[in-house]
Amino acid sequence: MSTQAPLELKKTVNLPKTAFAQKANLGQSEPARLKRWAEMGLYELIRRSRRGRERFILHDGPPYANADIHLGTAMNKILKDIVVKSRTMMGYDSPYVPGYDCHGLPIEQHVERALDKKGKKKSDLSTESFRRACREHAAGALKSQTRDFQRLGILGLWEDPYLTMSNHYEAETARQFGRFVERGYVYKGARPVYWCIHDQTALAEAEVEYREHTSPSVYVKFPLAEDSLEAKTLKREILGDEDDPRRIFFLIWTTTPWTLPSNLGIAVNPQFEYAAIEGKDGEVYVVASELVTHVAQKCGLGRPADLTTGEPRGQSDPSPSAVVWPPKVLARFPGSRLERLEARHAWLDRPSLLMLGDHVTLGGEADAETELDLKDARDRRVTGKAGTGLVHTAPGHGHDDFVIGKAYGLDIYCPVDNAGRFTQEVEHFAGLSVFEANPGIVEFARGRGALLFAEEYAHRYPHCWRCKNPVIFRATPQWFISLDAAAAAPAADVETDDDGRARSNFTDNYNEEVAPASLRAGALREIERVRWVPAWGADRMRNMQKGRPDWCVSRQRVWGVPIPVFYCACGEATASRATIDHVADVFERETTDAWYRREAKELLPEGFRCPACGGDEFTKESDILDVWFDSGVSSVAVLESYEGLRWPADVYLEGGDQFRGWFNSSLMVGLAAHGRAPYRAVVTHGWTLDAQGRAMHKSAGNAVAPEEFVKESGADILRLWVTSSDYREDMRCSPEILSRVADSYRKIRNTARFALGNLDGFDPERDSVALGDMREIDRWALAELDRLIERAVEAYKAYDFHSVFRVIDAFCTVTLSARYFDIIKDRLYTYAPRSEARRSAQTALNHIADALARLLAPVLSFTADEIWENLPEVKAWNAFVADKEAEAAGDKERSAVTGGTGWMPPSVHIAEFPVAQKVDEQLLERWEHLFGVRDVVLHQLEVARSTKTIGSSLDAKVYIETEGKLYDLLSHYRDELRFIFIVSQVHLSRAAKPSEPPPKGMLGTVLSVAVGRADGQKCDRCWNYSTFVGQSNRYPTVCERCVEALAEIEAEGGAR
RNA sequence: CGGCGCGAAGCUCAGAUGGCCGAGCACUCGGCUGAUAACCGAGAGGCCGGAGGUUCGAGUCCUCCCGCGCCGACCA
């Protein structure tokens, strides 16, 4: 017994102490940590630590370098970061090279708008300076995006991201186009695009705005070509006699009469019923059955006299529509009956083919220009009927017309020049602008007797966003990549022409064994080899490949990679691997600016001559490549050029919108380059929605701005949101949801804090207790930890991140906070600091804190690192290092560091996931039963509280009566029970009578729990009740356990 | 309209092979005041989007419908 004065009880209690703050203050602490990471070169340290390990490559899909990032972009990058970090912690060498998509229309538009504000126009600038402005804009945008991504805690090669506008990338893009050419996939064709005849430029859908416009609405008849067998059969069906003198006409309707000279066909819907009706002058017209009345009314069929007088036909039905006698229907037949019949053009000596198409509607407007905007057409379909159910088809002047025309092998005929004037081949109207020609064409048709009706028609029509003039649809020459052409056999340089295919050698690195018969076939084969997460991705990809038309890679733009093709004066197009590689080498040195700066001659190999005519005068193609082609090239341009990466990637991870986008274009390039998919697995995530499940739009005001939120609440909260939601589905986000996430964060943080706080002064090397010597509940906690490690790592492997969240969250809330921590508090606080009982718990806590930091690191990248540096081993090592440094600097004042000096990584992100020990299942099972009993006890305590028998659970003494196996179990833990239940005393007794029949599980046996006041008095130190209190002279207010602990503390030198 | 997906407590999610729908958070109430802008407990809260069908029995299987999202763009 000490001769010193008794200790002050309060000071002998070991309360938690840690530098790990309860309040995270992420808004400030995260930037500070980012700075430290940058200073220590964390990403580089990680790379070095994984050198020589098996690689795992996530290939970044480049976000568009236009505007600031939005929530979806943030989520995408966070998910990628979680993948990379988790694979790194599994031990892989998993570098991350971020990228940016820098070319494309939105940047052009942005630059144009900026010019607008300065009162300038695109045409005021040279192409070179316009492109320079685009380049600068992209550079600025990607810089600010980089800052935002870094702020989210995403680790990667930010100093050297890949840019689709870099020299090498642009060169590689051109080279890859050359691969497609070489394999014979590239051909030149035509395709209709929006065209502004005023600005003489192609327009994107986004550059078109719909305005009110009045067009001539005309009903025109196309005669059946009677000479074929099929036509005769039809005639017999309708008229009963193939020699009947009456002629059959197909009635079409259009609001763009100027496209009539380009008519090559008539589309009908195979689902609709059509009727042959009696028309004027003994003619027979074919129209959709449902529109017979409408057409009759418009065209004055039936009883023209009544139409003109407007006199009601019958008293019973005075409505205006009733004035028309429905014309006599001669026959009805499905639309499919008409397929491939031939009509004659309404006035030209040319056939017009009958085709089947689902785009044909009964609402009218199934017309070249307007049908493209489906929503618009749908809206109007409801408002009223128009048309005939037969659609005038000019493949050179409409999207649907183009598609159906292609399917039926029609020409993409477009006798209209850049200025919107008919070319010489158009009889009667050559040289006229199409809009000027409209009235003339109507009159001409009337004169030929082909016109049944014409009127003015007000509707919404696409206009140019810049000059506000109405636009037209016009087919222009385009480069296509064929999906069905078989890869060509090796051949010498051969150029492409309008319908030809370029042919050349296979490249060296092409995998001929898996060479696909065609891109489509290759794609379908590769889809089966790729792992899709979620699995339905394969279905979606497969379905998409099946019906896809050829890939049009031409864009009539300037901000992109030029299509490296030359045209000889003789009309021959030159594109071969040799010429393209030559151009690419120039791009490699000078970027694609060279294309606009240099003459064709300077871009071709010296002395190059046209293979067709031997000429040496060339012009350059003015189209650029589709930006999807750009980004599709990334696997080759990036994976094969950055050190540490490799082709193919292990995984691509993007939103579901990329099936048709990057996943597809990457697959195409992969097939052309290597005959394989560029990815082994494809993970897709959903869209970000608001609380109501609506898509987020800046304009709708429901968008969560990531930078703002991060500044306020921290990136870790946003990262936890990403992890807590199931990304495979659409993800909802709102202030409420984020607030729930912040709750979870606080719980996890507090849990870690409790562990760290109770490790104050714990030196793992010196103080750890061997597993076999630990208290059983501590071993239980470690067994639970092992189970957590197993599950969490498994979930990380499966990209099942929200399961990671679930198991960690459950571990923190239930296993630790509600059970383990609550129970061991007594031991941690009241036992002597160095007692084995306390060190046993600390040993478990140390493992737990360490494992939590590692398991959380991919998700809570900042907080996990903060936990990490508060771990005893890490603190010790850091202090050791600091000490060595001080020593080296001649600072003798510093005291030697005590404790472990084992190496610990300076950041958790260099560390690896913990390895689970074999889980002791029997121990876990025993404790599940104990916790089952605990639940019953807790419930009874609650009852006792409600009757004011007790307040704190330590006021209680619990009486348990049971029998059988349960009694045996509890009896084995007899002395532990009061701690497990957190009560002062437990009285266990065997139930008088065993239950019968034997219930399932031990908890079903007889178990009665009663609660009373604890015996004795409350110990001033540990707050447990004990009859011992008062018996110690030195510490009269304290229980027997505390007397013992105090003696130990005094022996060790008093209160800390 | 076509392809794909989703719809379960206020929120985020578990609910292989059909068998009384669970957890955490939030909420309400209570306890504690030695994790304290913490901690512990209890309670309440679900026509499992709707309607049919198969079945002794359906959140789960089938059909149809409704709502929402992505894709079908020279958007990325």
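Residue Trp1023(A) is classed as a base contact, given a heavy-atom separation below 4.0 Å to a base. Backbone-only engagement by Lys747(A) is indicated by non-hydrogen atom pairs under 4.0 Å involving sugar-phosphate atoms exclusively. Residue Gln556(A) is in base contact, counting any heavy-atom pair closer than 4.0 Å across all strands shown. At the heavy-atom level, Val627(A) lies under 4.0 Å from the strands shown only through sugar-phosphate atoms. The residue Arg806(A) sits close only to the backbone: its heavy atoms come under 4.0 Å of sugar-phosphate atoms, none of a base. Residue Gly757(A) is out of contact with every strand shown, counting any heavy-atom pair closer than 4.0 Å. Across all strands, Gly951(A) comes closer than 4.0 Å only to sugar-phosphate atoms, never to a base (heavy-atom distances). Residue-level contact check: Ser952(A) touches the backbone only, with heavy atoms under 4.0 Å from sugar-phosphate atoms and none from bases. At the heavy-atom level, Arg191(A) lies under 4.0 Å from the strands shown only through sugar-phosphate atoms. Nucleic acid contact for Arg660(A): sugar-phosphate only, since backbone atoms but no base atoms lie under 4.0 Å from a heavy atom of the residue. Across all strands, Ser739(A) comes closer than 4.0 Å to no nucleic acid atom at all (heavy-atom distances). Residue contacts for Asp1020(A): at a heavy-atom cut-off of 4.0 Å it reaches a base atom on one of the strands shown. Counting any heavy atom pair closer than 4.0 Å across all strands shown, Ala810(A) reaches no nucleic acid atom. Looking at heavy-atom distances under 4.0 Å, Arg548(A) makes no contact with the nucleic acid at all.
Projected onto RNA chain B by closest heavy-atom contact, Met544(A) and Tyr727(A) fall at different nucleotides, the more 5' of which corresponds to Met544(A). Each of Asp743(A) and Cys1022(A) has a nearest nucleotide on RNA chain B; the 5'-most of these lies closest to Asp743(A).
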*Please test Glu207(A) against Arg557(A) for salt bridge (charged side-chain N to carboxylate O under 4.0 Å, His left out), starting from the C-alpha separation and ending with a verdict.*
CA-CA 13 Å; Glu207(A) 294 175 318; Arg557(A) 293 281 157 186; 2.3 Å; yes
Lys80(A) vs Asp60(A), salt bridge (charged side-chain N to carboxylate O under 4.0 Å, His left out): CA-CA, chis, key distance, verdict:
CA-CA 8 Å; Lys80(A) 284 170 179 164; Asp60(A) 188 31; 2.6 Å; yes
Evaluate side-chain hydrogen bond (donor to acceptor under 3.5 Å, both in side chains) for Arg838(A) paired with Asn758(A), printing each intermediate quantity in order. CA-CA 10 Å; Arg838(A) 184 158 185 272; Asn758(A) 287 102; over 6 Å; no
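Of the side-chain N and O atoms in Arg557(A), none sit less than 4.0 angstrom from OP1 or OP2 of C74(B). Remark: Ser946(A) is not in phosphate contact with A42(B), judged by side-chain N or O atoms under 4.0 Å from OP1 or OP2. The side chain of His685(A) contributes no N or O atom lying less than 4.0 Å from OP1 or OP2 of C70(B).
Here the straight-line distance linking atom CD1 of Ile950(A) with atom CG of Asp955(A) works out to 6.5 Å at 0.5 Å rounding. Atom CG of Leu625(A) and atom OG of Ser554(A) lie 7.5 Å apart (nearest 0.5 Å). Atom OG of residue Ser666(A) and atom CH2 of residue Trp628(A) lie 9.0 Å apart, to the nearest 0.5 angstrom.
Taking the side chain of Leu105(A) as heavy atoms from C-beta on, and the options G24(B), C74(B), A35(B), the nearest nucleotide is C74(B). Here the side chain of Asn750(A) is nearest to one of A37(B), A38(B), C74(B), namely A38(B). Residue Ser725(A) places its side chain closer to C13(B) than to any other of C68(B), C13(B), C70(B). Across C71(B), G24(B), C75(B), the shortest atom-to-atom separation from the side chain of Asp626(A) is found for C75(B).
Ring orientation note: the planes of Trp551(A) and Phe629(A) are tilted relative to one another, at an angle of 30° to 60°. The aromatic rings of Tyr162(A) and Tyr169(A) sit parallel, their planes meeting at an angle under 30°, below the 60° perpendicular limit. Using bins of under 30°, 30° to 60° and over 60° for the plane-to-plane angle, the ring pair Phe663(A)/Trp532(A) lands in the perpendicular bin.
The gap from the P atom of G46(B) to that of A35(B) amounts to 36 Å, rounded to the nearest Å. Across G10(B) and G45(B), the matching C1' atoms stand 9 Å from one another, rounded to whole Å. Comparing the P positions of C61(B) and A44(B) gives an interatomic distance of 31 Å, to the nearest angstrom. For the P atoms, the distance linking C20(B) with G59(B) amounts to 10 Å, nearest Å. If you take atom P in C62(B) and the same atom in C29(B), they sit 46 Å apart, rounded to whole Å. When the P atom is used for both G22(B) and G43(B), the distance is 14 Å, rounded to whole Å. Nucleotides C64(B) and G57(B) have their P atoms positioned 23 Å apart, rounded to a whole Å. For C70(B) and U28(B), the P atoms lie 36 Å apart once the distance is rounded to whole Å.
Taking atom CZ on Phe754(A) and atom P on G34(B), their separation rounds to 14 Å, with Å as the unit. Rounding to whole angstrom units, NZ of residue Lys948(A) and P of A42(B) are separated by 18 Å. Between the P atom of C39(B) and the CZ atom of Arg753(A) lies a distance of 11 Å, rounded to the nearest Å. Computed from coordinates, the Gln22(A) CD to U36(B) P distance equals 5 Å when rounded to whole Å. Rounding to whole angstrom units, CZ of residue Arg466(A) and P of C74(B) are separated by 20 Å. Per the geometry, CG belonging to Leu720(A) stands 13 Å off C1' belonging to C13(B), to the nearest Å. Atom P of nucleotide C39(B) and atom CZ of Arg819(A) are separated by 17 Å, given to the nearest angstrom. The nearest whole Å value for the distance from the CG atom in Asp400(A) to the P atom in G72(B) is 15 Å.
Donor-acceptor pairing under 3.5 Å is lacking for the side chains of Thr684(A) and Tyr727(A). Remark: the Glu621(A) side chain and the Trp479(A) side chain contain an N/O donor-acceptor pair separated by less than 3.5 Å. Inspection of the Asn664(A) and Gln658(A) side chains reveals no N or O donor paired with an N or O acceptor under 3.5 Å. In this model, a donor atom of one side chain and an acceptor atom of the other lie less than 3.5 Å apart for Thr12(A) and Arg1021(A). Checked by atom type, the side-chain pair Asn870(A)/Arg753(A) shows no donor-acceptor distance below 3.5 Å.
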With sugar-phosphate taken as primed atoms, P, OP1 and OP2 and all else as base, the protein-contact string of nucleotides 5-11 of chain B at under 4.0 Å (heavy atoms; B, S, -) is SS---BS
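Judged by atom type and distance alone, Thr751(A) does not reach the base of A35(B) through any side-chain donor-acceptor pair under 3.5 Å. For a distance-only test at 3.5 Å, the side chain of Lys825(A) fails to qualify as a donor-acceptor partner of the base of G34(B).
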Taking Watson-Crick and G-U wobble contacts under 3.5 angstrom, with | marking pairs to another strand and [ ] crossing pairs, the secondary structure of RNA chain B is written (((((((..((((.....[..)))).(((((.......))))).....(((((..]....))))))))))))....
